[in-house]
A.B. asks: 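Sharing a structure, written as structure tokens. Questions coming.
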There are 2 protein chains.
Amino acid sequence: MTTDPPGLAEETASRLRNDIIGGSLPPGQRLSETRLAADLGVSRNTLREVFRLLTREGLLRHEPNRGVFVAVPSMATIVDIYRVRRLIEVPALAHAWPRHEAVALMRVAVEKARAAREAQDWRSVGSANMEFHAAIVALTDSARLQVFFAQIIAELRLAFGLLDSPERLHEPYIDRNGQILDLLAGGDQARAAALMAGYLDESERVVLAAFARLG
Amino acid sequence: MTTDPPGLAEETASRLRNDIIGGSLPPGQRLSETRLAADLGVSRNTLREVFRLLTREGLLRHEPNRGVFVAVPSMATIVDIYRVRRLIEVPALAHAWPRHEAVALMRVAVEKARAAREAQDWRSVGSANMEFHAAIVALTDSARLQVFFAQIIAELRLAFGLLDSPERLHEPYIDRNGQILDLLAGGDQARAAALMAGYLDESERVVLAAFARLG
DNA sequence: TGATTGGTATTGTTGAACAATGGTAAAGTT
DNA sequence: AACTTTACCATTGTTCAACAATACCAATCA
């Protein structure tokens, strides 16, 4: 089962997604169909298909007859995202099988994050942290949940892009991820889940505070 | 916050979605771009945007260079869907505020289901039951979760379309929905959640058994 | 100053075109 | 007869050009 040929639309969507999450296209930015199509080297029709994709993922906002804009996360967005994360991630850990193959993915993510910390590469630390949480959702063995969660993660990273001081945002959680991993691998799912719940509460507080400081 | 003018693509997507869920387009059916575009009275380009929409929702399957087909639910699909439902609906009830406005929606859904039972209209009973579960998810106050769950529901209804004997599929749950509603409204979230968990387990068993009988 | 009007750029949608791909049936081969 | 090859044909993937409808903006007028 080799991966299908991506198709120009999907490929372009990936490219644009990275531009958005990477911050090269700031939230609120208007995306002109003709100009962006030219820049990306695709036709307007194809770009419109891409727009539908990313709009549904929550990365773009579409205003009829006015155009598409890079979504601007609000505090309501943050609150909603963390609500979803709590609802999904905590039970995922609580009911996890400690020898599930996704545990290996969690371990890889933790190690990536620690290596990136050595290099003071906070953006990569953020990526690795997100990978860790995606691995937690993989514990559920639900394809649909994993796809949904990937979207949530993309939206959250978009929000993080608005904030500065990425160190304060990511560094404190690297070792906590390690603790959660150790607890789960050791068979103590309950405590792993509890730790995650506290983790999410604190992270939400920090992010909301940073948002409030932006006005 | 009034609803945006739907746009031809969204409108067409709705129409096609109903055709799929309503069974007029059977699972596995191939959808020719040119012919369907003519039937629906839209251009091929617009129809392709619709296809992207519904593919992402899980109602269509896209095979590169071969076309799009109405998705054929498998037992794996059913298992995954019920996994998601358990993970979302049970905690939604467990943590619900008994005077949440969505409780009224739950009540409306139960009454609709009972009225449809009077009329022996089992398709409508199914719709009302799904409305009930959507209302439960609304208890979470999470916009993202509600959108996600709507997709899950659509996929499940597609699967139900494959099965006959809609009475056995829906009738037993009408009054249980009523009990869950009463428990929640009475402030006993824990027992409401427990009842829902059993409900989902049994429903999954019934659906899987019906599927197995199809081969 | 504030409202009206008109021009202009952009989106929404269509239709046509062509290359690339996949399926099919006819032709040829063993 | 059964199998492979080939040639054809319908369909998808993608682009381009066109036009109506809409929204933005600036100039005009009360």
Side-chain angles (χ1 to χ4, degrees), chain A residues 1-20 24-72 158, chain B residues 1-20 24-72 158:
Chain A
M1 180 175 166
T2 106
T3 169
D4 288 334
L8 186 52
E10 277 84 357
E11 207 173 340
T12 308
S14 264
R15 210 137 47 97
L16 195 53
R17 202 178 352 239
N18 287 341
D19 287 349
I20 293 170
S24 118
L25 296 173
Q29 172 78 262
R30 177 154 180 270
L31 303 181
S32 155
E33 293 188 354
T34 50
R35 219 179 48 206
L36 189 55
D39 286 354
L40 293 172
V42 301
S43 88
R44 236 184 101 206
N45 277 325
T46 307
L47 182 61
R48 287 180 121 251
E49 289 201 3
V50 172
F51 280 170
R52 296 265 176 202
L53 261 292
L54 300 188
T55 297
R56 181 143 273 259
E57 289 179 25
L59 293 181
L60 298 180
R61 201 163 35 89
H62 179 103
E63 299 191 14
N65 290 317
R66 297 200 356 108
V68 304
F69 303 78
V70 179
V72 292
L158 176 59
Chain B
M1 180 176 165
T2 112
T3 169
D4 288 334
L8 188 51
E10 277 84 356
E11 207 173 341
T12 308
S14 263
R15 208 136 50 96
L16 195 53
R17 199 181 293 126
N18 287 340
D19 288 349
I20 293 170
S24 118
L25 295 173
Q29 172 78 262
R30 177 154 181 269
L31 303 180
S32 156
E33 293 190 353
T34 50
R35 219 179 50 203
L36 189 56
D39 287 354
L40 293 172
V42 300
S43 88
R44 237 184 100 208
N45 279 323
T46 305
L47 183 59
R48 286 180 122 251
E49 290 201 4
V50 172
F51 280 170
R52 295 268 173 196
L53 262 293
L54 300 188
T55 297
R56 181 140 273 254
E57 289 179 25
L59 293 180
L60 298 180
R61 201 164 34 89
H62 180 103
E63 298 192 14
N65 289 317
R66 296 198 0 105
V68 305
F69 303 77
V70 179
V72 291
L158 176 59

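Predicted, not measured: the structure shown is a model, and the values here were computed from it. A note on names: the letters A, B, ... follow the listed sequences, proteins ahead of strands, and every chain is numbered from 1.
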A.B. asks: Taking atom P of D/dT12 as reference, at what distance in whole Å does atom CZ of B/Arg35 sit?
C.D. replies: 10 Å
A.B. asks: Just how far, in rounded Å, is P of C/dT10 from NE2 of A/His62?
C.D. replies: 16 Å
A.B. asks: Tell me the interatomic distance from B/Glu33, atom CD, to C/dG22, atom P, rounded to whole angstroms.
C.D. replies: 15 Å
A.B. asks: How is A/Arg30 classified with respect to the nucleic acid when contacts are heavy atoms under 4.0 Å: base, sugar-phosphate, or nothing?
C.D. replies: sugar-phosphate
A.B. asks: In whole angstrom, give the distance that lies between atom CD of B/Glu63 and atom P of D/dG13.
C.D. replies: 11 Å
A.B. asks: Roughly, in whole Å, what's the span from CZ in A/Phe51 to C1' in C/dT10?
C.D. replies: 12 Å
A.B. asks: Partners of B/Thr12 by side-chain hydrogen bond (donor to acceptor under 3.5 Å, both in side chains), sequence neighbours excluded?
C.D. replies: none
A.B. asks: Applying side chain to side chain contact (heavy atoms under 4.5 Å, CB included), can you list everything that pairs with B/Ser24, at least two apart in sequence or on another chain?
C.D. replies: B/Asp19
A.B. asks: Whole Å only: how far is the CD atom of B/Glu49 from the C1' atom of D/dG13?
C.D. replies: 15 Å
A.B. asks: Please list, pair by pair, any protein nitrogen or oxygen found under 3.5 Å from a nitrogen or oxygen in nucleotides 18-23 of chain D.
C.D. replies:
residue, atom, partner, partner atom, Å
D/dA18, N6, A/Arg44, NH1, 3.4

A.B. asks: With heavy atoms under 4.0 Å as the rule, sort A/Leu31 into base, sugar-phosphate or nothing.
C.D. replies: sugar-phosphate
A.B. asks: For the pair made of CG in B/Leu36 and C1' in D/dT11, what is the distance, rounded to whole Å?
C.D. replies: 14 Å
A.B. asks: What's the CZ-P distance between A/Arg48 and D/dT15, to the nearest Å?
C.D. replies: 15 Å
A.B. asks: So which one's nearest nucleotide on DNA chain C is more toward 5', B/Asn45 or A/Gly67?
C.D. replies: A/Gly67
A.B. asks: Apply side chain to side chain contact (heavy atoms under 4.5 Å, CB included) to A/Ala71 and list each qualifying residue two or more places apart in sequence or on a separate chain.
C.D. replies: A/Leu158
A.B. asks: Run the side chain to side chain contact (heavy atoms under 4.5 Å, CB included) test against A/Ser32 and tell me which residues pass, sequence neighbours left out.
C.D. replies: A/Thr34, A/Arg35
A.B. asks: Measuring only between side-chain heavy atoms, which start at C-beta, is B/Leu47 closer than 4.5 Å to B/Leu31?
C.D. replies: no
A.B. asks: Please tell me which of the listed nucleotides, C/dT11, C/dT14, D/dT12, lies nearest to the side chain of B/Thr46?
C.D. replies: C/dT14
A.B. asks: For B/Arg15, enumerate each residue passing the side chain to side chain contact (heavy atoms under 4.5 Å, CB included) test, keeping only those at least two apart in sequence or located in another chain.
C.D. replies: B/Leu40
A.B. asks: Could you measure the distance from the CZ atom of A/Arg48 to the CG atom of A/Leu53? Nearest 0.5 Å is fine.
C.D. replies: 13.5 Å
